[in-house]
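Only heavy atoms go into these numbers, but all of them, side chains included; no hydrogens, no water, no symmetry mates. All values reported here derive from a predicted model rather than from experimental measurement. Counting begins at 1 with the first residue of the sequence.
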Amino acid sequence: MATATTTQPRTNESLDSPVHIGTVSLRVRDLPGLTAFYRDAIGLSTISESAQESLLGAGGVPLVRLEAGAQAPSSAAGLFHLALLLPSRTDLANWLGHAASRRLPLEGASDHLVSEALYLSDPEGNGIEIYRDRSRAEWPRGPGGEIKMATDRLDLDALLREADGRDYAGMPAGTVMGHIHLRVGDVAGAEAFYRDKLGFDVMVHYPGAAFMATGGYHHHIAANIWHSRGAGPRRANEAGLSRFELVARDDAAYAALRERMLAAGGDEAGGAPEIADPWGNRIAIRR
């Protein structure tokens, strides 16, 4: 089997922040089928597997947890997409070649100025973004230093020319969960929760969406109302997003986030601080 290779950027832009996204957990109907999809089609490696859940990642780092037991369809609120961040443009080109060879149906391909991204969904309708970041020095900015983003067409032929031509061996070490994009009932409510209560900065506004982050990243959490305006809380045992992690870089960042989370109504009944946003999306924090 070929060995996954990568050209590392100078730094991982998403992780170069006090708080970033960790493992995203999905509640699914067909655990064996979804496990095979994330392993064989997406290219993650199986870290552990049981009758109740599968944990997949890259380089031994957990990124996606699949949990059996979905008993109801996903409601309007919840996951828009999880976003796997590859270390380099070559890695993104390699993944695109792999997707083409497997005839995976892409749903979009965009140049966001700060990043280049490919979009698809898993067999149960959970959205997935596969992307690579440009370095922060390349991010376009407005007169006040604010980040500029767009949704321009991505030249797939030019991207494919960056592939290294090796047999695809899966997502390389250094792949991380770059961000999570949520469907919410209203953007102002999402900002009030993630910005005012948890301390994320609003980096960019789109019509019907807000992009929020820590440490100057373009976004760790996005929230939109494009198909969910006015949506209420999710029901128990719905298919789709089960929870996601916020990972603190150091003890100081962890203590600050924990204090904010508990002040916002979170608890530590399960041993680690957790909270739900206004739409019932569960969030856990860890160092």
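Closest approach of L31 and Q52 over heavy atoms only: CD2-C, 3.6 Å. P172 approaches L86 most closely through the heavy-atom pair CD-CD2, 4.1 Å. When all heavy atoms of R249 and S17 are compared, the pair lying nearest together is NH1-N, 3.5 Å. Pairing each heavy atom of A93 with each of L159, the nearest pair is CB-O, 3.0 Å. Across all non-hydrogen atoms, the minimal contact from A209 to N224 is CB-CB, 3.8 Å. Between A222 and F211 the shortest heavy-atom distance is CB-CD2, 3.6 Å.
Apart from I47 itself, the hydrophobic cluster it occupies contains L55, where clustering links Ile, Leu, Val, Met, Phe, Trp and Tyr at side-chain heavy-atom distances under 4.5 Å.
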* Test side chain to side chain contact (heavy atoms under 4.5 Å, CB included) applied to V184 and I225, step by step -> CA-CA 6 Å; V184 300; I225 57 167; 4.1 Å; yes
- Run the side chain to side chain contact (heavy atoms under 4.5 Å, CB included) check on I147 and R141 step by step: do they pass? CA-CA 5 Å; I147 295 170; R141 297 182 181 270; 3.3 Å; yes
- prompt: Given the rule in the side chain to side chain contact (heavy atoms under 4.5 Å, CB included) test, do L63 and T23 qualify, once you have shown the distances and angles that lead to the verdict?
  reply: CA-CA 4 Å; L63 299 175; T23 305; 5.9 Å; no
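From H20, atom NE2 reaches atom CD1 of I180 across 13.5 Å, with rounding to the nearest 0.5 Å. Here the CZ-CD distance, from R27 to E124, works out to 12.0 Å after rounding to the nearest 0.5 Å. S115 contributes atom OG, which lies 5.5 Å from atom CE of M149 (distance to the nearest 0.5 angstrom). The CD1 atom of I275 sits 11.5 Å away from atom CD of E268, with the distance rounded to the nearest 0.5 Å. In this structure, CG on L156 lies 10.0 Å from CD on E116, to the nearest 0.5 angstrom. A distance of 5.0 Å separates CD in E67 from OG in S25, rounded to the nearest 0.5 Å.
At least one donor-acceptor pair closer than 3.5 Å links the side chain of N94 to the backbone N or O of D164. No donor-acceptor pair under 3.5 Å is formed between the side chain of T175 and the backbone N or O of A58. Between the Y254 side chain and the V19 main chain, no donor and acceptor come within less than 3.5 Å of each other. Of the possible donor and acceptor atoms, one in the side chain of R136 sits under 3.5 Å from a partner among the backbone N and O of E13. Listed for the S110 side chain is no donor-acceptor partner under 3.5 Å among the backbone atoms of T151. Using modelled atom types, no side-chain atom of R65 and backbone atom of V24 make a donor-acceptor pair closer than 3.5 Å. In terms of modelled atom types and a separation under 3.5 Å, the side chain of W279 and the main chain of A231 share a donor-acceptor contact.
Under the 30°/60° scheme for interplanar angles, the aromatic rings of Y217 and H219 are found to lie parallel.
Contact check for V247 versus I21: no side-chain heavy atoms found under the 4.5 Å cut-off. The closest side-chain heavy-atom distance from L241 to L182 is below 4.5 Å. Taking 4.5 Å as the limit, every side-chain heavy atom of S74 sits out of range of all side-chain heavy atoms of R235. Side-chain contact check for I130 versus L92: some heavy-atom pair is nearer than 4.5 Å. The shortest distance between side-chain heavy atoms of D91 and R132 does not fall below 4.5 Å. Using a 4.5 Å heavy-atom cutoff, the side chains of F37 and I128 are in contact. By the 4.5 Å heavy-atom criterion applied to side chains, I285 and R258 are counted as neighbours. Counting heavy atoms from C-beta outward, L118 and L120 have side chains that stay 4.5 Å or more apart.
Cluster annotation: Y131 and V64 are assigned to distinct hydrophobic clusters (Ile/Leu/Val/Met/Phe/Trp/Tyr, side-chain heavy-atom contacts under 4.5 Å, transitive). Residue L104 is grouped with residue Y38 when hydrophobic side chains (ILVMFWY) are merged at heavy-atom distances under 4.5 angstrom, including chains of intermediate members. With hydrophobic clusters built from ILVMFWY side chains whose heavy atoms lie under 4.5 angstrom apart, Y119 does not share a cluster with L113. Hydrophobic clustering keeps L85 apart from L56 (ILVMFWY residues linked when any side-chain heavy atoms are closer than 4.5 Å, directly or through intermediates). Using a 4.5 Å cut-off between side-chain heavy atoms of Ile, Leu, Val, Met, Phe, Trp and Tyr, with links allowed through other members, M203 and L246 fall into different hydrophobic clusters.
Side chains of S135 and E138: a donor on one and an acceptor on the other come within 3.5 Å. At a cut-off of 3.5 Å, with distance as the only test, no side-chain donor of T90 or E162 sits close to an acceptor on the other residue. Under 3.5 Å, the side chains of S75 and E238 contain a donor-acceptor pair of N or O atoms. Inspection of the S54 and T35 side chains reveals an N or O donor paired with an N or O acceptor under 3.5 Å.
A salt bridge between E274 and R282 is present, with a side-chain N of the basic residue lying under 4.0 Å from a carboxylate O of the acidic one.
Sorted by first and then second residue, the side chain to side chain donor-acceptor pair (under 3.5 Å) pairs with a member in residues 95-104 form an empty list; sequence neighbours excluded. Contacts classified as salt bridge (charged side-chain N to carboxylate O under 4.0 Å, His left out) and involving residues 213-227 (residues at least two apart or in different chains) are not found. Residue pairs satisfying the ring-ring contact (aromatic ring centres under 6.0 Å, His included) criterion with at least one member in residues 222-252, sequence neighbours excluded, are listed as follows: F80-W226, H181-W226.
Counted within 6.0 Å of CZ on R229, heavy atoms from surrounding residues, nucleotides or ligands total 12 or fewer; the atom is thus considered open. In this structure, E259 places its CD atom where only 12 or fewer heavy-atom neighbours from other residues, nucleotides or ligands lie under 6.0 Å away.
A side-chain contact (heavy atoms from CB on, under 4.5 Å) with D122 is found for exactly one of L26, L82, I42, namely L26.
With sequence neighbours left out, the ring pair (Phe, Tyr, Trp, His ring centres under 6.0 Å) criterion links H218 to W139.
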Would you be so kind as to tabulate the donor-acceptor pairs closer than 3.5 Å made by side chains of residues 191-199, with sequence neighbours excluded?
residue : atom : partner : partner atom : Å
E191    : OE1  : R195    : NH1          : 3.0
E191    : OE2  : H205    : NE2          : 2.5
Y194    : OH   : D277    : OD2          : 2.7

